[in-house]
Amino acid sequence: MSLDNDRSRIAHLLRRAGFGAGDAELNDYLALGFQGAVDRLLNPEQVADDLDQRATALNLDPSKLVSIQYQWLYRMVNTKRPLQEKLTLFWHGHFATAISKVASPQLMWQQNELFRDKGLGSFYDLTLAVSQDPAMLIWLDGITNLKAAPNENYGRELMELFTLGIGNYTEDDVKAAARAFTGWFFKAERDPDKKRIVSAEFQFNPRQHDETPKTFLGQTGNWNGDDVIRIILQHPASARFVTRKLFSFFVWDNPDDATIQPFADVYTQSKYDIRATLRAMFLSPQFLSPQAYHAKIKSPAELVAGALRTLVVTTPPPAAILSLQKMGQELFNPPNVGGWTSGPGWISTSSLLERFNFVNRVITTRGGKNVQPFDPSALLAGQNLTTADQLADYFAGLLLDGDLAPDQRAALVGYLDLNAQGQPAPFTLTPQTLDGKVRGLIHLTMAAPQYQLS
């Protein structure tokens with residue numbers, strides 16, 4: 001298969017710039033054309049969405065990790081602004097911060113909202129806000145960065161993992177950055193037992209700030225944290241570093257310098273504007289090339305949220321949170337400051353089995369306490385499909401974008417054309433086969449290797 005028609009191109013776009021789509025949502029974007037779909041995704045503020053009110057109505061306890069994990073998954077599944085949530089996921093992996101050390105779900109959610117609010121704007125504004133974010137100040141020891149004893153953790157990771165990459169700074173630059181960020185703390189409110197922070201806001205303490213001159217990346221002055229970020233982003237390596245991370249997430253893994261340079265130029269010329277940079281990527285020949293199509297392994301969050309969106313299961317099963325953890329992606333708890341793995345690292349014997357099991361549990365759910373049943377008849381409503389061939393082609397289109405080899409298609413049709421005793425029998429769509437065979441067909445289709453690819 002290739003991206004040779006609007007439907008496959010827009011389906012590809014919605015997988016990369018979102019979490020996939022069911023038929024109705026895909027048709028809405030199809031009516032806009034490809035460029036119109038890109039414009040809609042890139043301007044979420046122009047799309048009406050009552051998601052905040054719906055999420056609030058869940059009445060989740062914000063002091064519990066599982067509650068904020070569920071709330072975020074609910075947003076991924078139900079948002080009408082998919083790129084906004086996809087970028088929130090990207091920035092969470094880029095500026096990786098973990099509950100394991102922060103120890104406050106409220107602060108982790110506060111950071112999550114920061115990514116949602118600023119993720120499409122200026123990378124300078126975003127990096128400055130992250131540098132002042134209470135969760136990050138805890139995570140990388142900003143709150144212990146004192147005038148008399150500078151802590152180098154944030155300054156080092158800011159350059160190594162967030163903005164420049166190894167080889168583009170020195171140990172002296174790390175020391176200077178640490179001094180520049182001294183005095184960056186926060187004012188916190190704790191729970192009644194004084195054990196956990198429930199809210200916090202950035203606070204600068206001038207008495208703890210090193211006011212002496214600092215030489216950083218070749219420039220000397222009485223720099224503070226704002227200046228350090230500004231100087232870093234002016235470094236040519238920063239544009240390549242940031243755009244390479246974006247391209248690897250949205251287009252294909254490990255692009256070379258020649259591929260990255262045009263997008264680095266857009267990023268620089270637009271004054272670090274993420275929206276302009278992503279527009280250039282989504283409208284580029286690379287994004288719609290065979291090299292990009294079905295070329296990235298879905299992360300667990302992409303697989304889980306995408307399966308629920310496509311199958312129109314709007315209330316995620318509570319067990320989905322544990323499934324994400326078993327697949328290797330516990331939301332709000334990346335394994336280290338480098339974030340999660342990617343590519344083939346997502347797939348192991350145990351994680352692949354959990355992927356199959358999660359999909360099967362969703363498809364076979366017919367009801368239960370706090371669990372939304374899956375109704376295959378809702379997907380087929382108005383489709384006028386009756387034969388095995390029609391059903392196999394429909395679900396291959398919905399779930400695999402039609403990317404199905406002839407022998408795979410023949411196996412799916414053959415599965416439908418067997419009776420309960422395993423004997424050949426032409427398939428007939430009845431309430432019984434809808435509840436049995438069609439559910440099985442969906443599971444087999446989603447178990448295809450192609451379904452693990454975005």
Side-chain angles (χ1 to χ4, degrees), residues 10-22 24-26 28-29 37-58 60 62 67-97 105 108-121 123 126 129-130 135 245-246 249-251 274-275 277-279 281-282 296 298-316 320-321 323-324 327 329-334 339-340 342 454:
I10 291 176
H12 171 71
L13 174 68
L14 292 176
R15 286 192 300 274
R16 295 298 176 82
F19 299 92
E25 184 180 10
L26 180 56
D28 285 345
Y29 279 94
V38 169
D39 289 339
R40 177 173 173 175
L41 290 165
L42 286 167
N43 294 281
E45 68 281 359
Q46 297 177 11
V47 179
D49 197 350
D50 63 350
L51 187 55
D52 288 338
Q53 293 87 341
R54 294 172 64 190
T56 300
L58 296 172
L60 299 170
S67 293
I68 63 170
Q69 291 171 325
Y70 187 86
Q71 183 172 354
W72 192 11
L73 179 59
Y74 182 89
R75 295 186 68 96
M76 293 180 200
V77 171
N78 290 284
T79 183
K80 296 178 182 176
R81 302 169 177 178
L83 179 57
Q84 188 177 58
E85 292 304 321
K86 192 65 170 284
L87 266 176
T88 301
L89 181 64
F90 170 78
W91 292 125
H92 178 37
H94 181 81
F95 293 107
T97 308
M108 293 301 299
W109 186 257
Q110 183 175 315
Q111 186 188 76
N112 192 262
E113 292 279 35
L114 185 162
F115 294 145
R116 191 169 290 111
D117 180 54
K118 295 185 178 294
L120 263 172
F123 186 67
L126 175 62
V130 170
K245 288 287 291 285
L246 287 165
F249 186 84
F250 286 101
V251 188
I274 300 302
R275 193 189 317 256
T277 305
L278 288 180
R279 182 186 300 278
M281 287 185 185
F282 294 150
K296 290 186 60 63
K298 293 174 182 174
S299 70
E302 290 172 319
L303 181 121
V304 169
L308 296 173
R309 282 183 79 96
T310 306
L311 298 176
V312 199
V313 178
T314 56
T315 303
I321 301 305
S323 285
L324 282 168
M327 293 178 202
Q329 190 170 35
E330 184 181 13
L331 298 176
F332 296 104
N333 202 24
W340 287 289
S342 62
S454 71

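For the numbers below, each heavy atom of this structure counts, side chains included, while hydrogens, waters and symmetry mates do not. This chain uses plain numbering: 1 for the first residue, then up along the sequence.
When every heavy atom of Pro316 is checked against every heavy atom of Tyr74, the shortest pair comes out as CD-CD1, 3.8 Å. Closest non-hydrogen pair, Ala37 versus Tyr29, comes out as CB-CD2, 3.7 Å. Taking each heavy atom of Gln329 and Ala301 in turn, the nearest pair found is OE1-N, 2.9 Å. Between Lys118 and Ala129, the shortest heavy-atom contact is CD-CB, 3.8 Å. Considering every non-hydrogen atom in both Pro334 and Gly339, the closest pair reads CB-CA, 4.2 Å. For the pair Ser454 and Arg15, the tightest heavy-atom approach, listed with the atom from each and the gap, is C-NE, 3.6 Å.
Under the 4.5 Å side-chain criterion, counting only non-hydrogen atoms from C-beta, Ile68 is not in contact with Asn112. Annotation: side chain of Leu83 is in contact with side chain of Phe250 (closest heavy-atom distance under 4.5 Å). Side-chain contact check for Phe19 versus Leu89: some heavy-atom pair is nearer than 4.5 Å. A 4.5 Å side-chain heavy-atom check between Met281 and Leu278 finds at least one atom pair inside the cut-off. Counting heavy atoms from C-beta on, the side chains of Val251 and Leu246 never come closer than 4.5 Å. Side-chain contact check for Val130 versus Trp91: every heavy-atom pair is 4.5 Å or farther apart. You'll find the side chain of Phe249 reaches within 4.5 Å of the side chain of Lys86, heavy atoms only. The side-chain heavy atoms of Asp117 and Gln84, taken from C-beta on, include no pair separated by under 4.5 Å.
The residue from Leu308, Thr88, Leu331, Val304 that alone fulfils the side chain to side chain contact (heavy atoms under 4.5 Å, CB included) condition with Met76 is Leu331.
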Stepwise side chain to side chain contact (heavy atoms under 4.5 Å, CB included) test for Trp72 and Trp109 = CA-CA 9 Å; Trp72 192 11; Trp109 186 257; 3.9 Å; yes
Can Arg279 and Leu41 be said to form a side chain to side chain contact (heavy atoms under 4.5 Å, CB included), step by step?
-> CA-CA 10 Å; Arg279 182 186 300 278; Leu41 290 165; over 6 Å; no
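One finds no salt bridge joining Glu302 and Lys296 here, because no Lys/Arg side-chain nitrogen approaches an Asp/Glu carboxylate oxygen to under 4.0 Å. With salt bridges taken as basic N to acidic carboxylate O contacts below 4.0 Å, none links Arg81 and Glu45.
Ring geometry for Phe123 against His94 counts as perpendicular: the plane angle is over 60°, on a 0 to 90° scale with 30° as the lower cut. Trp340 and His92 have perpendicular rings, their planes meeting at more than 60° on a 0 to 90° scale where under 30° would count as parallel.
The CD atom of Glu113 lies 13.0 Å from the CE atom of Met108; values are rounded to the nearest 0.5 Å. One finds the NZ atom of Lys80 at 14.0 Å from the CD atom of Glu85 (value rounded to the nearest 0.5 Å). One distance of note links CD of Gln71 with CG of Leu58; it measures 7.0 Å at 0.5 Å rounding. Note that CD of Gln53 and CG of Leu51 are 8.5 Å apart. Values are rounded to the nearest 0.5 Å.
Arg309 contributes a side-chain N or O that, together with a main-chain N or O of Thr79, makes up a donor-acceptor pair within less than 3.5 Å.
With hydrogens and angles left out, the side-chain atoms of Thr97 and Gln111 include a donor and acceptor closer than 3.5 Å.
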